[in-house]
Amino acid sequence: MTMSEEERHLRFEGETDCEPAPLPTLRHSCSHVMAQAVKQLFPEVKLAIGPAIEEGFYYDFAKPEPFTAEDLVRIEQRVGEIIRADLPFVREEMPREEAIRFFEAGGEPFKVEILKSIDAPTVSLYRQGDFVDLCRGPHVPSTSRIKAFKLLSSSGAYWRGSERNPMLQRIYGTAWLSQGDLDKYLWRLEEAKKRDHRKLGRELDLFVFHDVAPGAPFWLPKGMVVFRELERFWRDVHDARGYQEISTPILVNKRLWEESGHWEHYRENMFLVEAEEQTFSLKPMNCPPSTYVYRHHLRSYRDLPLRFSELGRLHRFERSGTLAGMFRVRQFTQDDAHIYCRPDQLQAEIIGVIEIVQLLYGVFGFEPRFFLSTKPDTAMGDPALWEQAETALAEALAKRDLPHEVRAGEGAFYGPKIDAVISDALGREWQLATIQLDFVMLPERFALEYMDADGQAKRPVAIHRAIYGSFERFVGILTEHFAGAFPTWLAPVQARVLPVSEKVAAYGRSVFERLREAGIRVELDDRNEKLGYRIREAQLQKIPYMLIVGARESQEGTVSLRRRTGEDAGALPVDRVLADLVAEVASRPVTLTVGRSS
RNA sequence: GCCGGGGUAGCUCAGUGGCAGAGCAAUCGAUUCGUAAUCGAUAGGUCGCGGGUUCAACUCCCGCCCCCGGCUCCA
């Protein structure tokens, strides 16, 4: 039912080639115009497909040499000319066999391949000027309807998305209903570049990458503060909700992975280590080791649910071309937990996890959207249990008044799941939390049991769940979401004391020491530099509060408070600032509250 | 892994078959300063790594590593 625009083009199913809404239609039309421009400038290229996508469109071409930046400029100019020519989009229909002959004659093998793979008796073509494309539409009436577009980039892409197929040359572009919308979109792209966590991570001394450890960050002292604060918050929440923290081995004999099935299905993604003629693997997941904790005792129905949390360091071999800063790493720290429970406890446990999701995300101002993935064709396990579990998941969401979308057939083979997606400050979506039910993988493969009230050994259900997902990726997302200006409770440095000159250095130091003794992460910048210079540096480091002290403040026992937002809150008693700071750190708001009248 | 673009000082980047450069940062000195950059001096390099061509390679050629944008992958 929900079909990607690419699938529409390739499968040629459904009524249309793009969502019949104004924006997708416009983008789809723009992709045709771009293809027309490319054919005019490079008559030898072959057409593949050109759908509308989330924020624009692309078109794939078979061309021996990649497009250059200069090519894109020329193509963009030609697109502009075609738009100005105001060519109408004209729909034609013809029998499929005739269309095959038409595109064979036109030397378009990809169009022929698409036509041969569909079984409609009649197909439609769209023509604008000298350009004809196989297409179900819809399109704008004429090329002049395209008001605001821009070609963005080119890159390689596989035909039909398979790496076994030849590589085509793809050009990405975007189109919007107005110039204002286009400008806003381009601004967002620029802003995203500025906020790139790889750049900010280096500038703010949070973390860096080196080629000695591809896909694994070096956490610098300041980044480690953020990490530890997230960890502390997470532990507080879980400790208060009946979780028991465990830690299982990182280097594990391959026998375990044979038992779990990972050796068969996941070996390509595991790092292997040979020692004393045995093969070990760095764990890519925590779940198999966690079953050893479950099996440490015979479990009674009275023991359940058991909630084992684990901040496990995982290693997955990701192919070199797929690594991307903190967003795609080879080594990461998952905020994992495995809940073992009876089937009748499922719903309460799921609700409990959803509450944690809301609690943890709420602190960052994220409002999660939920997706329920249901039984796939490859599912294993008792269908009745699947039914019960899907109902439990849906009802758990309903009881928390949370709407959700269904992703039919998208569940894991071992159970259905709920995923949570958030939007960041730039409107980008991130899938973070996952709550996966498991009837098969852990319970069956590891023969987990509990003794039920009737004296029979029964199989528990396992819930795999992570909230942040991984600390690495989450810190990357937070860095970009806040553009490095972390809420005070997370900020590596929460306040910096700036004495105006050496004459008040002693007072500055006393303020600094008071704050430090109260547990505030405070720094003293009494370097021999002008105040403006030191303010600028503190500002660039996104330190929430600057406490400026001069002769007046030293007389009155105050500090002049400057927020990183640029606001000058004026002179305030040191006691007041300290009390406000402590309160702010404890309550974890996303905004700066110190010195605001209450 | 595939296609393309890159890798030069801590950072951002210029450079080119013939002595390795700038700004910022760093260090030292002067300045003692009131809300986003005081002035001067000094120091800083395996030009990603390995091989080849050449009288001479940062520059040209080959291989590899890493990064970036995509594709694929993310049971």
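Sequence lines set the chain letters: A, B, ... in the order given, protein chains first and strands last, and positions in each chain run from 1. The basis for the numbers below is simple: all heavy atoms, side chains too, and nothing from hydrogens, waters or symmetry mates.
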Say we look at [N] and [M]: how far apart would their [atom1] atoms be, to the nearest angstrom?
N: B:C3; M: B:C62; atom1: P; answer: 15 Å
N: B:A57; M: B:C64; atom1: P; answer: 24 Å
N: B:U12; M: B:G6; atom1: C1'; answer: 15 Å
N: B:A37; M: B:G15; atom1: C1'; answer: 28 Å
N: B:C2; M: B:C73; atom1: C1'; answer: 12 Å
N: B:C55; M: B:C60; atom1: C1'; answer: 16 Å
N: B:C61; M: B:A22; atom1: P; answer: 28 Å
N: B:C71; M: B:G51; atom1: C1'; answer: 32 Å

Between [N] atom [atom2] and [X] atom [atom1], what is the distance in whole Å?
X: A:F61; N: B:C3; atom1: CZ; atom2: P; result: 21 Å
X: A:R198; N: B:G6; atom1: CZ; atom2: C1'; result: 14 Å
X: A:D205; N: B:A25; atom1: CG; atom2: P; result: 15 Å
X: A:L323; N: B:G69; atom1: CG; atom2: P; result: 11 Å
X: A:E567; N: B:A36; atom1: CD; atom2: P; result: 14 Å
X: A:I171; N: B:C3; atom1: CD1; atom2: C1'; result: 14 Å
X: A:R164; N: B:C2; atom1: CZ; atom2: C1'; result: 13 Å
X: A:D525; N: B:C33; atom1: CG; atom2: P; result: 17 Å

Does the side chain of [X] come under 3.5 Å of the side chain of [Y] through a donor N or O and an acceptor N or O?
X: A:T374; Y: A:E410; answer: no
X: A:D424; Y: A:W430; answer: yes
X: A:T593; Y: A:E584; answer: yes
X: A:T248; Y: A:E310; answer: yes

Contact check, residues 531-541 of chain A vs RNA chain B, heavy-atom distance under 4.0 Å, returns A:L531, A:G532, A:Y533, A:I535, A:R536, A:Q539, A:L540
Return all side-chain donor-acceptor pairs below 3.5 angstrom for residues 553-563 of chain A, not counting sequence neighbours, or 'none' if the list is empty.
residue : atom : partner : partner atom : Å
A:E553  : OE1  : A:G550  : N            : 2.8
A:E553  : OE2  : A:S560  : OG           : 2.6
A:R562  : NE   : A:Q539  : OE1          : 3.2
A:R562  : NH2  : A:Q539  : OE1          : 2.9
A:R563  : NE   : A:V594  : O            : 3.3
A:R563  : NH1  : A:E567  : OE2          : 3.4
A:R563  : NH2  : A:V594  : O            : 2.8

According to side-chain hydrogen bond (donor to acceptor under 3.5 Å, both in side chains), who are the partners of [X], at least two apart in sequence or on a separate chain?
X: A:T378; value: none
X: A:R330; value: none
X: A:R188; value: A:E55

Counting N and O atoms only, with roles assigned by atom type, does the side chain of [X] sit under 3.5 Å from a partner on the main chain of [Y], one being a donor and the other an acceptor?
X: A:R445; Y: A:E259; value: yes
X: A:H197; Y: A:I477; value: no
X: A:K39; Y: A:K46; value: no
X: A:R534; Y: A:P499; value: yes

Q) Under 4.0 Å between a Lys/Arg side-chain N and an Asp/Glu carboxylate O for A:R255 and A:E258? A) no
Per-nucleotide protein contact along nucleotides 70-75 of chain B, 5' to 3', at a 4.0 Å heavy-atom cut-off (B base, S sugar-phosphate only, - neither), is BBBBBB
Applying salt bridge (charged side-chain N to carboxylate O under 4.0 Å, His left out) to A:K375 and not counting sequence neighbours gives none
Identify every side-chain donor-acceptor pair in residues 207-224 of chain A under 3.5 Å, counting partners at least two apart or on other chains, and give the distances.
none

| task | Show your reasoning for whether side-chain contact (heavy atoms from CB on, under 4.5 Å) applies to A:S373 and A:D419. | result | CA-CA 8 Å; A:S373 297; A:D419 292 314; 4.1 Å; yes
Per the 3.5 Å Watson-Crick/G-U criterion and a run length of at least three, the stems involving RNA chain B are B:1-7 with B:65-71, B:10-13 with B:21-24, B:26-30 with B:38-42, B:48-52 with B:60-64
Considering only heavy side-chain atoms of A:S560, the closest of B:G34, B:C67, B:G4 is B:G34
So SG of A:C287 and OH of A:Y414: to nearest 0.5 Å the spacing works out to 6.5 Å
Sorted by position of nearest nucleotide on RNA chain B, 5' first, the leading residue of A:V549 and A:Q169 is A:Q169
By ring pair (Phe, Tyr, Trp, His ring centres under 6.0 Å), A:F474 pairs with (sequence neighbours left out) A:F364, A:Y468
Need one value for [X]: base, sugar-phosphate or nothing, where a base atom within 4.0 Å counts as base even if backbone is also close, heavy atoms only.
X: A:K530; result: base
X: A:E65; result: nothing
X: A:G325; result: sugar-phosphate

Which protein N or O atoms sit under 3.5 Å from an N or O of nucleotides 39-44 of chain B?
none

Which atom pairs link the protein and nucleotides 7-12 of chain B when you take only N or O atoms and keep those under 3.5 Å?
residue : atom : partner : partner atom : Å
B:U12   : OP1  : A:R202  : NH2          : 2.8

